[in-house]
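Take a look at the structure below.
Computed over heavy atoms, backbone and side chain alike; hydrogens, waters and symmetry mates excluded. In this text, all values refer to a predicted model and were calculated from it rather than measured experimentally. Numbering of ligands and ligand atoms starts at 1, following listing order.
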Amino acid sequence: MPYKSPLQDTKFVLENLLSPHTDLDISTIDAVLSEAGKLADNHLAPLNHFGDKNNPILRQDNEVQTPEGFKTVFSKIAEGGWIGVASEGEYDGMGLPGRMSAAINEYWHGANMSFALCSLLTQGLIDAFTLVGTDEEKRTYLPKFNSGVWTGTMNLTEPQSGTDLATIKTKARFDGENWRIQGQKIYITYGEHDMSENIIHLVLARTEGAPEGIKGISTFIIPKYLKDDDGNYTIRNDLKCISIEHKMGIKASPTAVMSYGENEGAIGYMLGEEGRGIEYMFIMMNRARFDVGLQGMAISEAARQKALEYANTRIQGIPINKKKGTPIIGHGDVKRLLLCMRSLTEAMRALILVSAEIMEKAHSGNNDCKMKEGFLIPIIKGWSTELAQEVTSNGVQIHGGMGFIEETGAAQYMRDARILPIYEGTNAIQANDFMFRKTLKDNGITAQNFIKEMYSECADNKEMIDVINLASETLNFILENRDDQEMLSCVSFDYLMGFGYLVGGWLMHKANLKAQEKLSTNPKDDPFLRGKILSSEFYDLHILPRIQTHFRIVMKGANVIKLSNDSLI
Ligand SMILES: Cc1cc2nc3c(=O)[nH]c(=O)nc-3n(C[C@H](O)[C@H](O)[C@H](O)COP(=O)(O)OP(=O)(O)OC[C@H]3O[C@@H](n4cnc5c(N)ncnc54)[C@H](O)[C@@H]3O)c2cc1C
């Protein structure tokens with residue numbers, strides 16, 4: 001059975017864990033989800049394995065040919081208006097709330113993550129132009145992005161400048177009329193491809209005479225094609241793709257080395273103000289990091305579906321107390337793996353959609369939600385992408401030897417998922433952000449508020465109360481040791497993971513209560529709701545204990561790292 005967009009699961013979270021949105025009724029939610037689901041299942045998913053085997057090709061003329069079928073499906077998605085799903089109607093967007101965009105994006109990434117990266121990046125540019133573009137820039141770019149006629153890329157990374165963007169060397173000089181950009185960017189996702197008429201690159205570069213470090217960096221809009229005298233975009237800018245990478249996963253998405261300004265200098269237009277490039281990137285980063293966490297959840301769901309199907313069909317051994325011929329799902333350990341995949345995926349989905357609502361409110365000016373958004377983003381990115389490693393690996397395990405063989409597609413999910421903890425700020429950066437900026441910078445107030453909210457909502461769940469108390473103790477430890485930043489940096493990852501599991505546990509507990517409430521008013525035995533309760537009970541007993549490990553490591557495990565001599569490692 002191929003990938004199927006999990007509409008019922010999405011609706012369960014939207015209807016039970018979020019407050020209703022004034023502009024959304026149930027019939028709109030149903031219609032949008034089911035249309036998007038059909039596109040994902042019928043058009044994107046069938047190209048997933050094919051694209052993994054038939055990778056993009058860099059031609060002699062420096063143009064990139066995407067796998068057969070990608071271009072046609074991209075037009076379908078674009079014509080349906082799906083790229084601009086949350087963009088304003090004024091610029092031809094659908095104008096739907098962020099929660100709907102998040103819900104739909106799960107289906108695109110679950111069906112075909114390599115393909116969906118192109119629209120993910122274009123949505124990032126939609127956000128960038130909406131936030132810092134001039135009215136003219138909005139009029140020029142947003143309708144083109146929303147309709148998918150043009151797509152966008154983010155160009156931050158250079159060979160010497162990955163995590164630390166302060167060392168960027170790409171130069172921008174003003175020639176009296178235009179900004180001219182020169183430099184090389186690496187690992188640029190969809191930096192070159194044949195799915196849109198024009199590609200708009202957002203490029204970080206250092207202006208002439210600007211100060212060293214991040215203050216000297218500005219953001220430039222660099223189109224592949226520039227406008228001619230007739231107003232058409234036909235003039236080739238001075239930029240090209242000089243190679244594409246051979247990768248472990250997401251092989252169907254072209255990852256380009258881009259060269260800017262080998263001749264007269266690529267023409268670029270400064271976005272916003274000079275010297276504020278990194279600041280703008282940080283504004284966009286919340287969205288981008290949210291999307292990468294979402295990718296982790298989406299690919300976990302896809303891996304889970306594949307494993308479940310295999311477990312229901314493969315016959316091997318007679319499970320204890322079962323009849324001969326019972327498929328492997330009858331074995332206790334296979335059930336454990338499947339339940340683990342399910343409960344982790346459901347916890348991630350709940351976190352992502354609940355956070356989408358918080359982000360909607362944050363963007364309309366709610367300060368409390370702004371703090372919550374900032375706090376949750378590193379958890380969404382870091383925790384969900386770590387879980388995606390475990391879930392996709394469990395998927396391989398359930399397939400036994402066949403999991404290691406490429407034909408089944410289980411291995412592809414695991415390979416594709418491996419990039420997630422790396423790009424958009426490695427998980428080390430998420431962990432440090434969570435420890436230092438999101439916890440210590442506000443004296444632990446947001447963390448404390450979350451702890452209080454969880455405490456009051458989980459009063460009847462002893463497992464949760466135990467770990468919430470431990471979270472409180474851990475937070476106090478961190479606040480007491482705030483001056484020893486080196487020590488805290490050695491355990492920031494465990495702090496992030498512990499908190500991730502905690503927030504996941506809280507949302508799974510709420511889902512459990514809602515499912516029980518619905519079952520009590522519905523005398524029919526509903527396997528869907530029973531499944532939700534089972535998944536939440538599994539989370540309580542098998543996943544919550546991990547929090548103890550992570551938080552104990554925070555309180556006890558730092559010095560063995562801090563005081564270790566590099567030569568002994
Ligand atoms: C497939 C793919 C697609 C990508 N797409 C894009 C794109 O579209 N646009 C773009 O600009 N970039 C893109 N990137 C680049 C990506 O964002 C970087 O690879 C990533 O930020 C890490 O940088 P780096 O590779 O230089 O690793 P490094 O920065 O060299 O990091 C190496 C290791 O050191 C650790 N480390 C580094 N600094 C710290 C620190 N301060 N604290 C703790 N640990 C640290 C890291 O966590 C990591 O484990 C892509 C990369 C890949 C592989």
Test side-chain hydrogen bond (donor to acceptor under 3.5 Å, both in side chains) on Glu486 and Ser489 and set out the steps.
CA-CA 5 Å; Glu486 187 185 353; Ser489 78; over 6 Å; no
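Residues passing the ring pair (Phe, Tyr, Trp, His ring centres under 6.0 Å) test with Trp150, sequence neighbours excluded: Tyr141, Tyr233. Residues passing the ring pair (Phe, Tyr, Trp, His ring centres under 6.0 Å) test with Tyr107, sequence neighbours excluded: none.
By the 30° and 60° cut-offs, the orientation of the rings of Phe499 relative to Phe375 is perpendicular.
Ion pairing between Asp484 and Lys562 holds under the 4.0 Å rule for side-chain N and carboxylate O.
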Identify every side-chain donor-acceptor pair in residues 64-72 under 3.5 Å, counting partners at least two apart or on other chains, and give the distances.
{"residue": "Thr66", "atom": "OG1", "partner": "Asp194", "partner atom": "OD1", "Å": "2.6"}

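If you look at ligand 1, the protein residues with a non-hydrogen atom under 4.0 Å away are Met154, Asn155, Leu156, Thr157, Gly162, Thr163, Tyr187, Ile188, Thr189, Lys247, Ile250, Thr255, Ile419, Ile422, Tyr423, Glu424, Thr426, Ala428, Ile429, Asn432.
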